[in-house]
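Taking it in order: structure first as structure tokens, then the write-up.
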Amino acid sequence: MNKPAQKIMAGVAGAVLLASGAGAALAAQQPAAADGGSRPVGATHTVADHDIRAQWLGEESDYVRVADVQGSFTFNQEGVTPNDELFNVFGTAILSMCSKPAPELAAGQDGVATYFVNVGGHVKESFTVDLSELDDEEQEALMGCSCATGSPFGQAAVIGVPLASVVGMADLEDGVNTVTAYGADGYGEPLPLQYALDKNALLVYQVNGEELKASEGSSLQLWMPETVARYFTRNIASIELTREDAVPEVASVDPMYRNKIEIKNSADGCAFEAGDEITFEGVADDCGSPIAAIEFSFDGGRTWTACDTDGATADKWVNWQFTASFEEKGDYEMTVRARTADDVVSPLSASLAFAVR
């Protein structure tokens, strides 16, 4: 008789970055095939003249090692990060969405919901627009948000008006190539205008069903898929459309923090018996390139079980689950990494220790 599957308990570490409902509505299970220990192309990265190998180095540990572990794998791209957790993620430094306190995302937020924004720069006539009057152009999107450095990232269901709708109202001078959204505090990051339009940037006023409020400026936020959160300007007061000698470059994720992978589980307090089916779960995100596979190792990185995430898109995170069983009693360690569509492997893997008694 097969023993019931047991899910490792969700832990505090990592769980703050995950959707509370991330495990719901999973896709149909598919078999997970081992890759026979081969290293994918891109497993070595050069960062600041240092070679970084995306391979687990715990060769001297006392863990039970099992090669080419087989199991069942599922994934989806659903779920949102609750607003109070977005506040925790985005409230730790000094600039933009991913690096300053975000009271408009906190429970019991103060202020008012205002959608006025001034539009100027190299336009033939400056103007002010109230986005509440453009509700017929309103759009909703499920979108990931990721910092350029560090591990935090989140996902939210946002509602707003496309930046393109506001740009379309402006009578632009010749050669306008840059857009900058400025917050009430003067913060703004220039972007290539065509990039922002191609990404369908949204001027957002609702996050996860909650209307945003602000004590100064408007409560609008700029959100863009596949773009690091430094551009997610908050409390937008004005939008400048300008003609620059050089189109600004778009910052991307630091190579050290590509393919961010998180484990949702904690094995603390869990007791597994030999033969139990154990389910591991977590999320992965690359902010620009689709996740092509999630890879698991139970022998210190000597072999990896590659599980394809066919159809995954780059604008949202990947929620993954992997279920396997172990017959030998002892201490184990699961290591997980992600691989992107352009064949780059996570420079930083994640691991979880557990015991079978």
### Task
Look at the rings of F280 and F326 and say which category their plane angle falls in: under 30° parallel, 30 to 60° tilted, over 60° perpendicular.
perpendicular

### Message
Under a 3.5 Å threshold, yes or no: a donor from one side chain and an acceptor from the other, between Y195 and T227?
### Response
yes

### Message
Whether the E244 and T242 side chains hold a donor-acceptor pair (N or O, under 3.5 Å, no angle test) is what I'd like checked.
### Response
yes

### Summary
Heavy atoms of L163 and A196 approach each other most closely as CD2-CB, 3.8 Å

### Query
Do D342 and R258 sit within salt-bridge range, that is, some charged N less than 4.0 Å from a carboxylate O?
yes

#### Entry: Residues E173 and K124 bridged, charged N to O under 4.0 Å
no

### Task
Compare all side-chain heavy atoms of E281 with those of N319 and state whether any distance is below 4.5 angstrom.
no

### Task
Would you tell me whether E211 and Q206 have side-chain atoms, one donor and one acceptor, within less than 3.5 Å of each other?
no

### Query
F296 and W320: aromatic ring centres closer than 6.0 Å?
yes

### T279 and T323 side chains, donor-acceptor separation under 3.5 Å
yes

### Message
Please tell me whether Q155 and D285 have a donor and an acceptor in their side chains that are separated by less than 3.5 angstrom.
### Response
no

### Message
Please determine whether side chain to side chain contact (heavy atoms under 4.5 Å, CB included) holds for the pair L348 and S346, giving the CA-CA distance in whole Å, both sets of side-chain angles, and the decisive distance to 0.1 Å.
### Response
CA-CA 5 Å; L348 300 174; S346 302; 5.8 Å; no

### Query
Relative to the ring of F354, is the ring of F298 parallel (under 30°), tilted (30 to 60°) or perpendicular (over 60°)?
perpendicular

### More than 12 heavy atoms from other groups under 6.0 Å of CD on E327
yes

### Message
Do T74 and F322 have side chains that approach each other closer than 4.5 Å (heavy atoms only, starting at C-beta)?
### Response
no

### Query
Using a distance-only test with no angle check, is there a side-chain donor-acceptor pair under 3.5 angstrom linking S146 and K260?
yes

### Query
Are any non-hydrogen side-chain atoms of V117 and L220 less than 4.5 angstrom apart?
yes

### Query
Can you list the residues that meet the salt bridge (charged side-chain N to carboxylate O under 4.0 Å, His left out) rule with E226, with sequence neighbours excluded?
K199

### Message
Using salt bridge (charged side-chain N to carboxylate O under 4.0 Å, His left out), reason through D331 and R357 one step at a time and then give a plain yes or no.
### Response
CA-CA 9 Å; D331 295 326; R357 303 303 184 203; 2.9 Å; yes

### Query
For the residue pair V161 and L134, what are the closest heavy atoms and their distance?
CG2-O, 3.9 Å

### Message
Assess, by modelled atom type and distance only, whether the side chains of T340 and N259 contain a donor and an acceptor separated by less than 3.5 Å.
### Response
no

